[in-house]
Each structure stands twice: as C-alpha cells, then as structure tokens.
Amino acid sequence: MSVSLEINLGGLHMKNPVTVASGTFGYGQEYDAYFDVAQLGAVTTKSLTLKPRAGNKPPRLVETPAGMLNAIGLQNVGLEAYLEHKLPFLRQKDVPIIANIYGHGPDEYAELARLLEEKGGADAIEANLSCPNVHDAKSSRGTVLVAQDPELVCAYTKTIRSATSLPLYVKLTPNVATIVEPALAAQEGGADAVSLINTLIGMAIDPETRRPRLANIVGGLSGPCIRPVAVKMVWDAARALDIPVIGMGGICSTEDAVQFFLAGASAVALGSMSFRQPDAAIRVVNGLADYLEGHELSGIAALVGGMAQ
Amino acid sequence: MSVSLEINLGGLHMKNPVTVASGTFGYGQEYDAYFDVAQLGAVTTKSLTLKPRAGNKPPRLVETPAGMLNAIGLQNVGLEAYLEHKLPFLRQKDVPIIANIYGHGPDEYAELARLLEEKGGADAIEANLSCPNVHDAKSSRGTVLVAQDPELVCAYTKTIRSATSLPLYVKLTPNVATIVEPALAAQEGGADAVSLINTLIGMAIDPETRRPRLANIVGGLSGPCIRPVAVKMVWDAARALDIPVIGMGGICSTEDAVQFFLAGASAVALGSMSFRQPDAAIRVVNGLADYLEGHELSGIAALVGGMAQ
Amino acid sequence: MPSVVDCPIVLRQEVAEGHYRISVQAPGIARVAKPGQFAMLQVSGGYAPFLRRPMSIERIFSDGVSFLFKVEGEGTRLLAEMDTGHNLSVHGPLGNGFTIDTVCDRHILVAGGIGVAPLPALAERVKRDCGKAPDVIIAARTERLLLCEDDFRRMGCAIHITTDDGSAGEKALATGMLERLAPDARTCVYACGPNPMLRAVSQMMLDAGVMCLVSLEAQMACGDGACLGCVIESKSEIEGEKMLRVCKDGPVFDASLIDWAAHDLRDDQ
Amino acid sequence: MPSVVDCPIVLRQEVAEGHYRISVQAPGIARVAKPGQFAMLQVSGGYAPFLRRPMSIERIFSDGVSFLFKVEGEGTRLLAEMDTGHNLSVHGPLGNGFTIDTVCDRHILVAGGIGVAPLPALAERVKRDCGKAPDVIIAARTERLLLCEDDFRRMGCAIHITTDDGSAGEKALATGMLERLAPDARTCVYACGPNPMLRAVSQMMLDAGVMCLVSLEAQMACGDGACLGCVIESKSEIEGEKMLRVCKDGPVFDASLIDWAAHDLRDDQ
Ligand SMILES: Cc1cc2nc3c(=O)[nH]c(=O)nc-3n(C[C@H](O)[C@H](O)[C@H](O)COP(=O)(O)OP(=O)(O)OC[C@H]3O[C@@H](n4cnc5c(N)ncnc54)[C@H](O)[C@@H]3O)c2cc1C
Ligand SMILES: Cc1cc2nc3c(=O)[nH]c(=O)nc-3n(C[C@H](O)[C@H](O)[C@H](O)COP(=O)(O)OP(=O)(O)OC[C@H]3O[C@@H](n4cnc5c(N)ncnc54)[C@H](O)[C@@H]3O)c2cc1C
Ligand SMILES: Cc1cc2nc3c(=O)[nH]c(=O)nc-3n(C[C@H](O)[C@H](O)[C@H](O)COP(=O)(O)O)c2cc1C
Ligand SMILES: Cc1cc2nc3c(=O)[nH]c(=O)nc-3n(C[C@H](O)[C@H](O)[C@H](O)COP(=O)(O)O)c2cc1C
Ligand code: FES
Ligand code: FES
C-alpha cells in the first residue's frame with residue numbers, strides 16, 4: 001500500500017504535513033548539508049521584519065530541563081536581504097515557503113505580507129503575533145503580546161488579511177488563560193490556520209553570579225518540556241475552530257507528531273529538535289509514512305482529531 | 001559563622017523557608033521513613049475538602065520529558081478523617097502545618113478554613129484556587145479555574161479571609177496571560193502570601209491506542225520542565241506585590257531554590273522532586289545553610305529578590 | 001523501613017532477548033525485604049526520565065537483591081545499559097509483599113511473562129516457611145521467553161510450563177494449567193502477570209473458593225503512598241477508601257478485593 | 001560538509017583531574033575536518049540535557065578525531081562517563097577553523113587552560129604547511145592542569161609554560177610570556193582560552209600590529225548558524241550584520257573584529 005501524506009493547509013498544497021518552526025531552521029539553507037529541504041511539506045522562515053534587526057544582546061540561550069530558553073529578539077536580515085540573498089536558495093528547491101513575519105503594529109505586518117506576495121517571496125504567510133522576546137503591543141492590561149488580546153488578534157488578522165491573498169496563518173502564544181479565545185479571534189479575522197504554540201515565557205538565574213542567564217532576562221521556553229502544554233492547546237483549539245491548526249511545541253519524533261494529529265492538528269512543525277538532530281524533520285516525514293502504512297491508514301486526514309475517548 | 005534560615009511567612013514563623021508542595025507529600029507521615037519532617041520549615045498537606053473525595057479514575061499519571069502529568073482529582077480523606085487520623089502524627093512533630101484546602105464555591109473554602117482553625121488542624125491555610133483537574137468555577141468566559149479570574153480570586157480570598165485569623169496563602173495557576181492580576185487580586189482580598197505556581201495544564205496521547213494517557217484526558221504538568229515558567233511568574237508577582245511569594249515548580253536542588261529566592265520568593269516548596277528523591281526537601285534545607293554560609297550571607301532575606309541586573 | 005541507597009551493581013545478565021537481571025549490593029534493603037515487595041530504581045542521572053521505575057524484588061540474598069526486567073521503553077532501556085560497578089540508586093523495599101498462609105497445604109505460583117519477577121523470592125520463602133517448595137506455573141509467549149525455570153528447579157519446585165505457541169511445555173494459557181492442578185480450599189494461589197491473566201485467574205479462584213493473591217502494576221510516581229497516582233478501584237472500602245494505592249496497599253492484593261470491572265484495561269497487554 | 005554520525009569511542013583517558021580525552025572513529029569527519037573546527041556532541045540519550053555540547057576537535061587522525069574536555073556541568077559529566085565502545089553521536093565538523101597565513105615567519109599558539117583543546121591539530125597543520133612547528137605558550141592554573149605538553153613536544157614545538165602559582169614553568173600570565181616572545185609584524189598569533197586572556201592577548205597584538213586569531217566560545221543550540229543564539233558583537237558589520245555567529249562565522253575570528261567592550265563578561269572565568 002502506498003500512502004499519501006499530502007495535505008492542503010488553508011489553501012497551501014503540501015506534499016506532507018511536516019514543516020519546521022520559525023526561527024529554528026534559519027532560511028533553509030543552513031540545513032542543506034543534512035537533507036534535501038525540498039522533502040519537507042514546507043519551509044517556514046525565521047521571522048522577517050521590514051528592516052534588518054540586530055536582536056538582543058548575548059547571552060541569548062540557556063538550556064533548561066528537557067528544553068531551552070531563547071531570547072534571540074527577532075534578529076533577521078530584513079525583507080530586502082531575504083528576497084535578495086535567502087529566497088534564491090529556497091526557490092531553487094521545489095518546496096513551499098511559509099514566510100513568518102513580525103511587525104510593529106498591524107500596518108507593518110500588512111506591508112510585509114503585501115510585499116512578500118508581490119515579490120514572490122512566500123507561498124503562505126505566518127504572522128507571529130506572539131514573540132515573547134519583544135513587547136510592543138499596548139492594551140488596557142498593560143504591555144502584552146498581541147496574541148494575548150483576542151481583540152487585537154482579530155484586528156491585526158483583518159488588516160493583514162486585507163493585504164494579501166496568500167494563505168494566512170496566525171501564530172499564537174500559550175501564555176493565555178484559554179487558547180480558544182485568541183484562536184477564534186484569528187479565525188474571525190480571516191486567518192486560514194492558526195499555529196500553536198509559540199514558546200512559553202520563562203527565565204533562569206545563575207545562583208552564583210545572581211544574574212539572569214539571558215541578557216534579556218526573560219526568554220521563550222521550547223523543546224520537549226513544553227509538549228504536554230502544546231498538545232492540550234492544540235486539542236482545545238482544534239475542537240473550537242473551523243480552520244486547521246498547525247501543531248508545534250516539543251515535537252521530537254514521529255510518535256510526538258502523531259500525538260498532535262490525534263489532538264486535532266492538520267500539520268506539524270519541528271522546532272528545537274532540529275538543533276539536537278538536524279534531520280529530525282525529515283525523519284518525522286518518513287516515520288509518518290511508516291506509521292500510516294503500519295496502521296493501514298490511507299492518509300493523514302484519518303488521524304487528525306482522531307483521539308479515542 | 002552560624003546562619004539562620006528562619007523566616008516569618010505572612011504571620012507564620014518557620015525555622016527555614018522550605019516546605020513541600022501540596023499533594024506531593026501526602027500528610028507528612030508518608031515520608032517519615034526518610035527524614036524527620038520536623039526539620040522542614042512547614043509541612044503542606046494534600047488539598048483537603050469538607051467531605052472525602054475519591055478523585056479521578058486511573059490512569060492518573062504519565063511521565064513527560066523532565067516532568068509528569070497528574071490528574072489525581074483531589075482524592076483526599078476529607079476534613080474529619082484528616083483531623084482524626086492524619087493530624088496526630090503532624091502534631092506530635094514540632095512543625096508548622098500549612099493546610100491546603102479546596103472547596104466548591106467560596107463558602108466551602110471559608111468553612112474549611114474556619115473548622116481547621118477551630119480544631120487546631122492548621123497553622124496556616126493555603127487556598128488552592130487553581131487545581132487543573134477539577135473545573136467548577138463559572139465566569140463570563142466559560143468554565144475556568146477560579147485563579148484565572150482576578151475578580152473571583154479577590155472575592156474568594158475575602159470570604160476565606162473573613163473566616164479565619166490564620167495566615168492565608170492563595171495558590172494560583174500559571175495558565176494566565178499575566179500572573180500579576182490574580183496575584184494583586186489575592187493581595188487585595190486579604191491574602192498574606194501567594195503560592196506560585198500550581199501545575200500547567202497539559203495532556204498526552206498514546207500514539208498506539210490513540211487514547212489519552214490519562215483517564216481524565218487532561219492533567220497538571222509538574223517537575224523540572226516547568227521551572228523556567230515558575231521562576232518568571234515568581235519574578236513578576238514579587239515585584240508587583242507587597243505580600244510574600246511562596247515559590248514552587250520544578251525545584252530539585254539548592255541551586256534551583258536559590259533561583260526562586262533571587263527572583264523574589266520568600267519561601268519555596270518542593271513538589272514532584274520528592275517522588276524522585278524522598279529526602280529532596282531536607283537536602284535543600286541543608287544546602288541553603290551551606291549556600292548562605294559559603295556566600296557569607298546572614299539570612300535568607302539577603303537573597304530574596306536579589307537578582308542582579 | 002524503606003530507604004534510598006546508592007547500590008553498586010554486582011551482576012548484570014541478559015537472560016533472554018530484551019530481558020535482564022541485575023543484582024545490587026544492598027545489605028540494608030536485603031535485611032528487611034519481603035517477597036512481593038518492590039523498589040523504585042533511578043534510571044537516569046539527568047531529569048529525563050524524571051521518575052524512578054518500579055521493579056519487583058526477584059530474589060533476596062544476604063547482602064543484596066536482584067531485579068529481573070523487560071525493556072519496555074526509555075527507562076528500562078537505560079537500566080539495561082547499566083553495567084556492573086555502576087551505582088544504582090535504589091528506593092525500597094516498598095509495598096506490602098506476599099502474605100504466606102502457612103496453614104494451606106498447597107501453594108501454587110502463577111507467572112505470566114515478566115510477571116515471574118517477584119516469584120523466585122516467594123518460592124524460596126514458601127519453601128522455608130512451609131517446608132515444601134511450591135508448584136510453579138510458568139506461562140510465556142514462547143520458549144525463549146521462559147524465565148527463571150532453572151532457579152525454581154533448583155529450589156525443588158514442581159514446574160508446569162505453558163507457551164502460547166507450544167514451543168515448550170503445553171500449548172495453553174496459565175489458566176488452563178491452573179485448572180488442571182485442581183486447587184482446592186486448602187490451596188493458596190499467588191499470581192503475577194498481565195492483567196487479563198490476573199483477571200482470569202482471580203475469577204477462576206474466586207469461583208472455586210480458593211484463596212488467591214495477585215501482584216498488580218500501575219503507573220507510579222512516589223512509591224510511598226503519597227501522590228495517589230497509582231490507585232485501582234476496590235470492591236469494598238478499606239478505611240473509607242475505595243481507591244487502593246498499588247504502591248502502599250499493594251502491590252499484592254487479595255483477588256477478591258479488586259473491582260476487575262472498573263479496572264481500566266488500557267494498559268493491558 | 002558537516003554530518004551527524006554515530007561514532008564508536010575508541011579511546012578514553014582522564015588526562016588530569018576532571019579533564020578527559022576521548023577519540024572516536026569517524027573517517028568521514030576526519031577527512032574534511034580543519035584545525036579550529038568543532039563538533040556538537042550528544043551527551044544523553046534522554047532529553048535532559050537536550051542540546052548537544054560543542055567541543056573543539058583536538059586532533060585529526062586518518063580515521064577519526066579526538067576531543068579534550070573539562071567537566072563543567074551535567075553534559076560534560078555524562079560525556080566523561082562514556083566508555084570505549086559507546087556510540088557517540090557527533091555532529092560536525094562545524095565552524096570555520098583557523099586560517100594559517102603561510103607567509104608569516106613565526107607562529108605562536110597561546111593556550112589558556114582547557115583552551116588548549118583545538119591547538120594540537122593546529123600545531124600539526126602549521127608544521128605541515130609552514131615546514132616548522134610553532135611556538136606554544138601553555139598557561140594553566142597549576143602544574144597538574146598543564147595539558148598536551150607531551151603532544152606539542154613530540155611535534156617539535158618550542159614550549160613556553162606559565163602557571164598562576166608558579167608550580168611549573170614561569171609564574172606568569174600567558175600575556176607576560178607572549179610579550180617576551182616579542183611577536184612582530186611577521187608573526188601570527190593564535191589564541192584560545194578564557195575571555196579575559198583572549199581580550200588581553202588581542203589588545204596586545206592589535207597594539208603591536210600583530211596578526212591575531214582567537215577562538216571564542218558561546219552558548220550554542222544548533223551549531224549550524226540557524227538559531228542565532230551564539231552571537232557576539234563585532235566592531236564592523238559583515239554583510240550588514242553586526243552580530244556574528246560564533247558557530248558559523250567563527251569560532252575563530254580575527255581579533256580586530258571583536259567588539260571586546262560590548263562582549264558580555266558574565267561567562268568569563
Ligand atoms: C510494583 C511494580 C513492580 C514491577 N516489577 C517489574 C519487574 O520486576 N520487571 C519488569 O520488567 N517490570 C516491572 N514492572 C513494570 C515496570 O515498572 C515498567 O515496565 C517500567 O516502569 C517501564 O518503564 P520504561 O521507561 O521502560 O517504559 P515507558 O516508556 O515509561 O513505558 C513503556 C510502557 O510501559 C508501561 N509502563 C510504564 N510504567 C509502568 C509502570 N509503572 N507499571 C506498569 N507499566 C508501566 C507504559 O504504559 C508503556 O506502555 C513493575 C511495575 C510495578 C508497578
Ligand atoms: C566552539 C566551542 C568549542 C568548545 N570546545 C571545548 C573543548 O574543546 N573542551 C572543553 O572542555 N570545552 C569546550 N567548550 C565549552 C563546552 O562546550 C562547555 O564546557 C560545555 O558545553 C558545558 O556543558 P555542561 O553541560 O557540562 O555544563 P553546563 O551545566 O551546561 O554549564 C556549566 C558551565 O559551562 C558554561 N557553558 C555551558 N555551555 C557552554 C558553551 N557552549 N560554551 C561555553 N560555556 C558553556 C555554562 O555557562 C556554565 O557556567 C567549547 C565551547 C564552544 C562554543
Ligand atoms: C531559537 C528559537 C528562535 C525562534 N524564533 C522564532 C521566530 O523568529 N518567530 C516565531 O514565530 N517563532 C520563533 N520561535 C518559536 C518556534 O517557532 C516554536 O514555536 C517553538 O520553539 C516551539 O516549538 P519547539 O518546542 O519544537 O521548539 C523560536 C524558537 C527558538 C527555539
Ligand atoms: C501528584 C500531584 C498532586 C498534586 N496535588 C495538589 C493538590 O492537591 N493541591 C494543590 O494545591 N496542588 C497540588 N499539586 C501541585 C503541586 O503542589 C505544585 O504546585 C506543582 O506540582 C508544581 O511543583 P513541582 O513542579 O515541584 O511539582 C499536585 C502536584 C502533583 C505532582
Ligand atoms: S505511587 Fe504515589 S501513591 Fe502510589
Ligand atoms: S549555535 Fe545556532 S546560530 Fe550558532
């Protein structure tokens with residue numbers, strides 16, 4: 001039996017449901033030595049901003065039990081250099097590009113989305129409304145992440161939506177009381193999918209120097225340690241939404257990915273695990289084919305939301 | 001140099017700032033074989049309810065990377081049996097008792113607090129407003145944990161406050177957009193301290209059976225995996241509050257405990273680590289004395305909130 | 001009294017494919033251990049796996065104990081990699097152990113698969129206390145997975161072998177063999193193995209009015225009765241509790257106590 | 001091209017207290033490795049520690065490479081416990097490595113503490129490419145912690161030893177010794193060690209107009225230039241970037257590039 005891993009992710013055709021998490025795979029070329037990135041369902045880029053960003057001061061990383069904290073601070077080459085220097089490699093590969101974007105205010109997001117579509121720099125847009133290492137949205141509750149405020153999520157999504165006809169994914173934060181509210185807000189704003197989860201906010205202190213381990217003090221927690229939190233949020237969101245969920249957070253193996261599909265994810269992204277095992281994502285692609293075959297399932301759709309109760 | 005580990009925790013005198021996390025240490029006697037529990041700053045009991053509770057169906061546990069999910073569902077002997085069968089052991093030890101309580105609605109909490117004070121069953125009360133394995137508070141946003149709604153937190157705290165003169169600690173959930181709001185609400189309601197953090201909500205699915213690993217489907221994530229989240233929340237809360245913070249979440253070692261003090265905790269509690277190492281809490285007591293001595297600090301107060309920036 | 005001790009591994013054997021025996025030097029634990037008790041073994045210096053793994057005490061020697069285990073996942077894989085000389089952190093002995101009713105004429109031990117693990121110590125104790133080695137039914141999937149046969153033989157046990165595929169002994173289930181041994185009211189049956197086997201053995205013995213003790217498994221965190229994670233439902237309340245802790249109230253239970261209908265089958269093999 | 005390979009450990013030595021050398025069989029990596037490059041070593045089968053640990057390639061053999069490391073924390077502790085026969089997952093070679101300017105008359109290698117690790121391979125390459133073994137300054141806290149002395153000697157290097165406590169060689173810092181060797185415009189200096197030493201050596205050499213390469217460390221996650229976690233600030237922009245990735249743009253940098261003032265000192269020893 002030959003199984004098909006193909007999916008359509010809110011308008012994007014992917015040969016398999018596996019992509020990589022933004023910021024953990026550079027612009028694709030970084031992993032060219034380990035496997036042909038064209039074998040992925042899609043490549044998701046590091047968050048792009050209109051202008052280049054230098055990011056936070058080092059140290060930017062610290063390891064934690066079964067995971068890590070990062071405070072990169074969205075260092076990236078900026079849209080122009082992306083189009084000029086990073087895009088050509090990806091375009092020479094036959095792989096869809098999910099361009100992850102970050103802006104100051106909804107208009108910058110919209111501008112990024114518009115330009116990316118215009119210049120052929122993306123096949124889908126993932127709007128990062130949930131970066132824990134930069135804080136610039138204001139709400140009545142003080143400074144928060146955009147994705148913590150459902151009204152902002154809806155408004156931002158609408159604005160970006162109106163600027164592009166590309167499939168639009170909205171990436172949300174787990175630092176909320178319930179993921180359902182911002183997820184519904186993204187859907188209402190016109191998102192074609194939501195990406196769950198970004199990192200959990202955390203910090204670590206050196207007991208000897210008494211200084212925070214990160215120059216930025218706080219950072220985002222990722223890796224297998226957060227997987228149970230991510231599976232729960234995917235499960236909650238998938239049951240509430242009509243649009244698909246892209247599941248991520250601590251996926252290391254095929255078995256982990258299957259958990260996310262069973263919880264309701266339509267696609268998955270590998271993040272930090274690529275650091276430990278550069279070809280982890282492609283192992284999951286191959287593992288999923290074996291899993292489907294072994295369980296006599298014809299396609300991924302048969303798994304999605306298939307948790308037995 | 002002889003150091004003193006003594007603290008006063010919102011009115012409770014403790015010979016050292018180390019207690020155990022509710023639900024991870026039974027009623028104290030379970031750990032009598034490993035060390036004299038009177039050496040702890042305080043013993044915190046499993047959540048007590050007015051009537052005995054059978055808890056959730058098994059399986060109730062599943063291990064996750066650097067941690068575990070539990071869905072005990074507040075199984076406990078109930079107040080009466082606690083007073084009759086569990087209290088005598090603790091009272092024969094010279095150790096303060098923090099009785100953790102759980103009720104349906106504010107009045108049951110108040111009743112528990114009142115009875116515990118009246119019968120001499122506690123030296124302080126910790127109100128668990130944040131158990132992820134039972135859901136019975138209603139708010140405009142659907143069914144949530146009490147601790148996810150600052151107004152409820154304030155109202156519950158006030159009601160409990162009016163029923164007891166014992167030191168009152170309010171235990172909050174990390175499943176919020178910002179911990180500051182419910183923490184301030186607890187303070188406003190008259191709490192003498194807040195306990196941070198309860199478990200993070202999570203779940204895990206068996207990829208073979210496709211069933212949730214827990215009969216209750218969701219459970220609470222604890223252990224070292226959640227430590228960075230806990231340190232961050234303690235840091236946020238401690239800067240905003242006038243009352244002390246009891247820090248917990250993944251503390252395994254003296255170094256971990258020191259992180260919490262530096263972030264602003266006035267006391268710490270060891271939870272899941274006692275499962276791995278039954279005498280973990282007492283090791284931290286001894287380790288703190290060595291740490292203070294080694295760093296020529298006269299007391300714990302010199303560490304609290306002492307993160308350098 | 002249980003304790004937590006770093007114990008040097010003095011012996012490590014692969015006894016069958018994916019099945020290992022390790023013996024540790026642990027005089028303190030050996031002195032107080034009873035057949036049917038278990039220990040929580042720390043499988044990793046790091047925090048993943050975080051929890052200890054429960055393992056039955058296979059045999060009790062003067063200066064240590066042995067464990068017999070099957071590689072199931074990460075934890076047992078790490079355990080299998082530990083070599084002699086390594087210090088294994090052992091938390092035990094835990095649980096209640098088997099109560100041997102010396103008034104019984106006949107003792108039958110029923111082992112299903114790796115469930116044989118706690119039975120060598122029990123057989124030894126039965127022999128010592130009752131003056132006669134017990135009967136032992138060893139049920140396994142196939143010949144290669146028959147465990148401890150020689151050990152029981154050396155103790156003088158009457159051994160009854162069944163395999164699913166008939167590659168050794170009789171092609172039968174443990175229950176079939178047990179039926180043929182015709183236990184009566186003066187027999188005591190002790191069983192350890194997969195839940196479906198335990199359920200069937202229990203039912204048969206209850207129906208026949210035969211005393212039956214079963215050793216159960218559950219996911220555990222503390223092993224000390226503190227976390228309430230390892231419970232099973234009982235038919236009757238004990239001190240007001242319907243939820244029995246496998247670690248503290250068990251792992252050995254009188255078969256009549258277990259509410260097999262409520263017993264969740266998801267972990268069953 | 002880097003790769004990720006399970007490599008059998010063929011040698012393991014404790015070379016000084018808390019300092020170990022392990023050699024792995026890794027012909028593919030050995031074939032392409034350059035002095036100054038490093039590898040990311042997987043220290044645990046479980047997920048804690050989760051990340052690999054960066055280690056300089058100490059020497060390059062025909063069928064493998066060696067690593068020399070100091071036990072700092074959990075990861076290096078686990079690495080030190082790995083015995084011959086164990087398969088170590090090696091991700092490498094990574095980074096740029098040292099560029100040897102063969103036009104220089106004189107090459108001086110400066111090693112501070114465990115910073116000696118990448119220098120044996122470099123010394124060998126300098127000898128091969130320039131026809132003459134380099135000078136090596138080995139600076140350590142105390143005699144017991146002098147590493148690789150014999151190896152350099154065997155290559156024919158002129159060795160200059162300094163210790164903080166005077167227990168061997170001269171009681172001096174590496175910089176003091178370097179000054180005395182009077183490097184000039186036709187000398188090339190290669191340094192690896194703690195940041196304060198690197199900063200001092202860099203400053204001295206920049207002031208003296210001597211070409212100086214330093215090998216830096218940083219917390220790393222990917223080792224591939226993808227995560228942007230390991231950056232340091234540079235004085236000038238390279239392709240528009242002020243943030244240089246130690247893993248990809250380094251770990252070897254021209255000393256004149258590093259913005260030592262901005263360089264965070266919290267990790268300094
Ligand atoms: C009192 C007691 C005594 C035991 N004695 C033995 C023994 O002598 N020999 C032996 O081989 N095994 C014994 N077990 C089972 C053993 O503890 C598990 O096989 C082991 O914990 C699995 O760990 P792992 O990390 O390898 O597998 P995991 O990756 O944790 O799990 C692999 C599989 O094993 C199951 N499992 C995990 N933990 C347990 C557990 N605590 N109990 C039952 N199943 C579990 C999981 O559900 C999963 O299906 C005993 C269990 C208990 C409760
Ligand atoms: C390119 C490169 C090459 C290296 N080569 C060698 C070598 O050849 N031999 C050697 O002994 N060490 C080398 N190191 C340092 C080595 O990677 C760290 O000592 C090791 O990662 C510590 O891991 P741990 O788990 O034992 O300690 P941890 O518990 O992770 O940390 C212990 C201490 O080490 C520091 N540390 C942790 N990771 C790093 C890191 N990536 N870089 C610097 N400091 C770190 C921490 O800040 C902490 O103070 C190199 C580092 C880099 C970046
Ligand atoms: C080093 C690092 C950098 C990241 N950068 C970004 C980013 O630029 N944009 C974004 O949306 N998410 C970013 N993330 C979050 C990941 O895309 C992902 O949501 C998160 O890491 C959880 O997945 P994981 O546990 O598999 O890593 C980053 C994560 C890491 C570890
Ligand atoms: C098995 C288990 C049972 C728990 N039961 C309770 C409880 O009854 N009441 C409560 O307030 N918290 C309970 N908790 C939460 C802990 O008190 C603590 O807040 C949490 O585990 C985080 O600390 P840790 O990571 O050190 O375990 C329980 C935790 C575990 C693991
Ligand atoms: S394992 Fe904790 S109560 Fe049994
Ligand atoms: S370690 Fe990831 S960019 Fe250098």
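Each chain gets a letter, A, B and so on, in the order its sequence line appears, and its residues count up from 1.
The 12-atom threshold is exceeded at CD of A/Gln92, counting heavy atoms of other residues, nucleotides or ligands nearer than 6.0 Å. Residue D/Lys235 qualifies as enclosed at atom NZ: its count of foreign heavy atoms under 6.0 Å is above 12. More than 12 heavy-atom neighbours from other residues, nucleotides or ligands sit within 6.0 angstrom of CZ on A/Arg91.
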I would like to know whether A/Glu63 and D/Glu74 meet side-chain contact (heavy atoms from CB on, under 4.5 Å); could you show each step before the answer? CA-CA 11 Å; A/Glu63 181 159 336; D/Glu74 173 75 0; over 6 Å; no

Evaluation steps, side-chain contact (heavy atoms from CB on, under 4.5 Å), between A/Arg60 and D/Met243: CA-CA 12 Å; A/Arg60 292 177 171 183; D/Met243 291 296 191; 3.8 Å; yes

Could you walk me through whether D/His91 and A/Phe275 pass the ring-ring contact (aromatic ring centres under 6.0 Å, His included) test, one step at a time? CA-CA 10 Å; D/His91 171 202; A/Phe275 302 152; over 10 Å; no

Do D/Val4 and A/Gln277 pass the side-chain contact (heavy atoms from CB on, under 4.5 Å) test, and can you show the C-alpha distance, the side-chain angles, and the key distance before you say yes or no? CA-CA 8 Å; D/Val4 182; A/Gln277 190 63 41; 3.8 Å; yes

Residue pair A/Arg213, D/Gln219: steps toward the side-chain contact (heavy atoms from CB on, under 4.5 Å) verdict: CA-CA 11 Å; A/Arg213 296 257 188 202; D/Gln219 298 282 344; over 6 Å; no

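Inspection of non-hydrogen atoms places D/Gln42, D/Ser44, D/Gly45, D/Gly46, D/Tyr47, D/Ala48, D/Pro49, D/Phe50, D/Leu51, D/Arg52 of residues 39-52 of chain D under 4.5 Å from chain A.
With a 4.5 angstrom heavy-atom cutoff, A/Tyr31 touches chain D only via side-chain atoms. With a 4.5 Å cut-off on non-hydrogen atoms, A/Tyr34 touches chain D through its side chain but not through its backbone. For A/Ser274, no part lies under 4.5 angstrom from a heavy atom of chain D.
When each of A/Pro65, A/Pro224, A/Ser272 is scored by its heavy-atom pairs under 4.5 Å with chain D, the top score falls to A/Pro224. Of the residues considered (A/Gln75, A/Met68, A/Arg276), A/Arg276 shows the highest number of contacts with chain D, using heavy-atom pairs under 4.5 Å.
Between A/Ile72 and D/Leu228, the closest heavy-atom pair is CD1-O, 3.4 Å. In this structure, A/Leu61 and D/Cys227 approach most closely via the heavy-atom pair CD1-SG, 4.4 Å.
Applying the side chain to side chain contact (heavy atoms under 4.5 Å, CB included) rule to D/Pro27 yields the partners D/Gln25; only residues at least two apart in sequence or on another chain are considered. Scored by the side chain to side chain contact (heavy atoms under 4.5 Å, CB included) test, A/Ser253 finds A/Glu255, A/Asp256 as partners (sequence neighbours excluded). Residues forming a side chain to side chain contact (heavy atoms under 4.5 Å, CB included) with A/Asp94 (at least two apart in sequence, or on another chain): none.
Salt-bridge annotation for D/Lys248 and A/Glu30: absent, with no side-chain N of the basic residue lying under 4.0 Å from a carboxylate O of the acidic one.
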